[in-house]
Amino acid sequence: MEIPHLLDSLNKQQRQAVTAPLEHILVLAGAGSGKTKCLTHRIAWLLQTGQAYPHNILAVTFTNKAANEMRSRIDALLNQPTRGLWVGTFHGIAHRLLRIYWREANLPQLFQILDSDDQLRTLKRVIKALGLDEKTWSPKQAQHFINAHKDDGLRPKDIIADEQDVKLTQLLSIYRAYEETCQRTGIVDFAELLLRCYELLRDNPQLLEHYQQRFQHLHVDEFQDTNTIQYQWLRLLVGNEGKLFIVFDDDQSIFGWRGAKIENIQQLEKDCSDTHLIRLEQNYRSTGTILAAANALIANNQGRLGKKLWTQDKAGKPVFQFIAEKIQDWQGKRQDFAILYRTTAQSRQFEEALLQKNISYRIYGGLRFYERLEIKDMLAYLRLLLHRDDDGAFERVVNRPKRNIGDRTVAVLRGIARQQGLSLWQAARTAINSKQFKARASNSLAAFLQLIERLTEQVKDLPLHEQVEQVKIASGLVPHYQKESKEEAQRRTENLEELTNAARQFFPHPLDGEGRGEAKPGWEDLSEFLDHAALEAGERQGGRFDDCVQLMTLHSAKGLEFQVVFLAGLEEGLFPHQNSLEESKLQEERRLCYVGITRARQLLYLCHSESRYHYGKRDRCTPSRFLSEIPAGLIQEIRMRHPVSQFKKPVTPHDFQIGQRVKHRQL
DNA sequence: GTGGCGTGGCTTTTT
DNA sequence: GCCACGCCAC
């Protein structure tokens with residue numbers, strides 16, 4: 001594409017951003033203002049004007065989806081795949097660097113990635129091994145404690161614990177023990193990828209300098225979602241010479257609760273002198289009315305950088321405040337609809353209502369492919385082939401399918417492992433050799449060890465997908481699942497079949513080179529496949545239907561758009577949520593509502609119930625304060641024909657009672 | 001080793 | 001009200 005053409009499709013502000021001089025460019029990009037376009041065109045612009053070579057460019061996103069989208073849009077703009085240009089998630093890029101520089105990062109070459117579920121299981125074992133009570137010291141809490149500190153760049157030694165503070169002291173000791181376990185067994189959790197990579201660059205000046213010189217242009221998507229360690233990592237990498245090009249929207253910062261620091265934007269302006277702010281305020285998505293509602297709502301927040309979205313489109317229909325059944329009347333497609341809610345628990349009622357009306361739907365959320373039980377079981381076998389000392393994998397499958405290796409036997413192994421500082425695998429060896437078990441337990445255990453050894457030998461020269469297939473057969477998992485209900489068994493078997501397919505289609509990604517490499521036998525492909533499974537857990541559970549209404553939480557709707565949006569449950573205590581009524585949290589709730597509103601292109605329905613069940617009790621609901629923050633003139637009120645009126649006192653305005661009275665049924 | 005029962009918790013989620 | 005998980009009894 002010629003350079004002028006590259007700019008043709010851009011508006012004035014977008015063009016200004018894309019062609020901005022080489023300073024730190026901060027693009028404040030409102031909802032639907034074309035931020036990905038801006039980012040991808042900037043990269044194409046730098047390349048086509050000869051201001052940068054591909055290998056000078058790094059683009060970072062939060063999700064794999066965003067990274068893939070960006071990569072393919074850049075390729076499309078340039079009419080070819082671009083080599084040397086790095087596009088990836090923060091975690092993906094950190095992982096890539098750690099795989100190359102594992103020595104410098106003080107990791108074993110074959111370090112493994114732990115997903116959150118594995119991390120939790122590991123913590124459970126650590127807490128047990130410390131002799132602590134799981135009830136007082138919940139693994140969940142410890143997990144949060146550890147991840148939050150890693151996200152802030154803090155190791156146990158960086159945390160000052162007052163000895164009087166029993167709780168903090170104890171959590172710290174768990175953190176320490178967990179770190180020790182991870183280091184000893186070569187496992188790395190998600191937060192560790194970032195922190196370890198930050199430390200790698202910080203502590204290796206030559207390496208840092210190399211990458212500072214290489215990546216002169218750093219592009220960051222959704223910058224308002226960066227946490228402390230991500231920010232520090234970026235700062236390190238950008239150095240004194242590099243230039244940042246960041247795209248963000250402070251009004252769409254909704255992940256503060258998981259460590260995102262919206263202040264990083266101000267911090268960046270403080271840390272880098274030559275920053276230049278550009279606003280993208282023209283919206284290409286929604287009607288004027290929807291935008292007016294969104295603008296009015298968000299104006300109630302303090303400390304905004306400030307922007308007002310506008311559109312050339314007509315005003316559009318008023319925002320309805322209302323009740324459903326509209327879906328059946330709609331002329332367009334089912335997938336034009338989205339029902340958005342604050343909490344996952346709300347989805348069930350909609351499911352039931354839609355089921356009853358025979359409207360196909362798709363729920364986002366739930367388990368993803370690589371998170372499913374049967375898949376994780378298979379992955380555990382595969383992990384054991386590579387790493388005998390993977391205690392998590394060992395515990396998971398040692399008795400799955402049943403091999404007469406019960407809890408008691410495993411408990412003994414745990415004891416030996418703890419005492420002698422061994423892995424469970426080594427402990428099993430030791431126990432068998434020193435005849436610590438009765439014949440039955442000893443034989444069963446020996447048979448399991450042999451199975452893994454034999455299997456390793458058997459598949460080591462096969463291509464990846466055959467390795468997976470052989471392990472599936474030898475593990476005995478399939479007959480194991482067959483014992484479950486028929487549908488369940490079939491689903492699990494299908495998923496395992498799909499895993500083999502995934503392995504067949506999997507092409508490894510050489511670390512230093514670019515693009516896709518050749519599949520080859522040995523353990524490298526398997527190792528990469530396992531990384532892939534952890535880092536890209538796959539799409540959220542999808543529908544079997546093509547044409548369906550989309551159901552999801554507001555958080556997962558970010559970045560998407562729909563013709564018609566129903567925002568459900570606009571009630572005090574639910575949205576804004578009970579636990580978020582304090583001012584700073586309330587502002588995040590309001591931004592969440594803003595995100596919800598700006599997902600709609602044509603029609604927006606704001607819904608609230610008069611009453612709903614809350615922990616078993618039926619409660620009256622007060623309409624959300626967010627409703628009253630939208631000018632009444634933009635809203636057309638609709639009242640349902642048959643409101644559930646268990647309360648004498650009439651309530652206004654109205655109600656979304658879809659499915660609330662339907663008897664619950666297991667789906 | 002499994003099933004039945006009691007208890008607690010209950011916002012949002014990516015990697 | 002509902003689910004997930006842990007514990008105990010067979």
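Every value quoted in this text rests on a predicted model; they were computed, and no experiment measured them. Protein chains get the first letters and strands the later ones, always in sequence-line order, with residue 1 at the start of each.
Checked against B/dT12, B/dT11, B/dT15, the side chain of A/T344 finds its nearest nucleotide in B/dT12. For A/K585, the listed nucleotide lying nearest its side chain is B/dT11; candidates were B/dT15, B/dT11, B/dT12.
The CZ atom of A/R258 sits 8 Å away from the P atom of B/dT15 (whole-angstrom rounding). The CG atom of A/L193 sits 13 Å away from the P atom of B/dT15 (whole-angstrom rounding). Distance A/D151 CG to B/dT13 P: 17 Å, rounded to the nearest Å. A/H532 has its NE2 atom 15 Å from the C1' atom of B/dT14, to the nearest Å. For the pair A/L592 CG and B/dT12 C1', the computed distance is 7 Å after rounding to whole Å. In this structure, the CG atom of A/L194 is 16 Å from the P atom of B/dT14, given to the nearest Å. Computed from coordinates, the A/M552 CE to B/dT11 C1' distance equals 18 Å when rounded to whole Å. Taking atom CZ on A/F90 and atom C1' on B/dT13, their separation rounds to 16 Å, with Å as the unit.
The aromatic ring of A/H91 is not stacked on the base of B/dT15, since the criterion of ring centres less than 5.5 Å apart with planes inclined by under 30° is not met. Residue ring and base: A/W257 counts as stacked with B/dT12 (centre distance below 5.5 Å, interplanar angle below 30°).
Side-chain nitrogen and oxygen atoms of A/R348 include none within less than 4.0 Å of the OP1 or OP2 phosphate oxygen of C/dG1. A close approach under 4.0 Å does occur between a side-chain nitrogen or oxygen of A/K124 and OP1 or OP2 of C/dG6. Note on A/N64: every side-chain N or O is 4.0 Å or more away from OP1 and OP2 of B/dT14.
Look at A/E528 and A/R99 and you find no salt bridge, because none of the NZ, NE, NH1 or NH2 atoms lies under 4.0 Å from a carboxylate O. Salt-bridge check for A/R591 with A/E588: passed, with a basic side-chain N closer than 4.0 Å to an acidic carboxylate O. Note on A/R125 versus A/D391: no salt bridge recorded, every NZ/NE/NH1/NH2 to OD/OE distance being 4.0 Å or above. With respect to the salt-bridge test (charged N to carboxylate O, under 4.0 angstrom), the residues A/E395 and A/R121 do not qualify.
Listed by chain and number, the residues in a ring pair (Phe, Tyr, Trp, His ring centres under 6.0 Å) with A/F575 are A/F626 (sequence neighbours excluded).
A salt bridge (charged side-chain N to carboxylate O under 4.0 Å, His left out) check over residues 255-265 of chain A, counting only residues at least two apart or in different chains, returns the pairs A/D152-A/K261.
Along DNA chain B, the nucleotide closest to A/A534 and the one closest to A/I254 are compared, and the more 5′ of them pairs with A/I254. Each of A/R342 and A/T63 was matched to the nucleotide of DNA chain B holding its nearest heavy atom; the match closer to the 5' end belongs to A/R342.
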Could you go through nucleotides 1-9 of chain B and list every protein N or O atom that sits under 3.5 Å from one of its N or O atoms, giving the distance for each pair?
{"residue": "B/dT2", "atom": "OP2", "partner": "A/K402", "partner atom": "NZ", "Å": "3.2"}

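One P atom belongs to C/dC3, the other to B/dT14, and the distance between them is 22 Å to the nearest Å.
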*List the steps and the verdict of side chain to side chain contact (heavy atoms under 4.5 Å, CB included) for A/L373 and A/R492.*
CA-CA 9 Å; A/L373 178 109; A/R492 296 206 195 278; 3.7 Å; yes
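Judged by distance alone with a 3.5 Å cut-off, no donor-acceptor contact links the side chain of A/T89 to the base of B/dT14.
A donor atom on one side chain and an acceptor atom on the other are not found under 3.5 Å apart for A/Q587 and A/S584.
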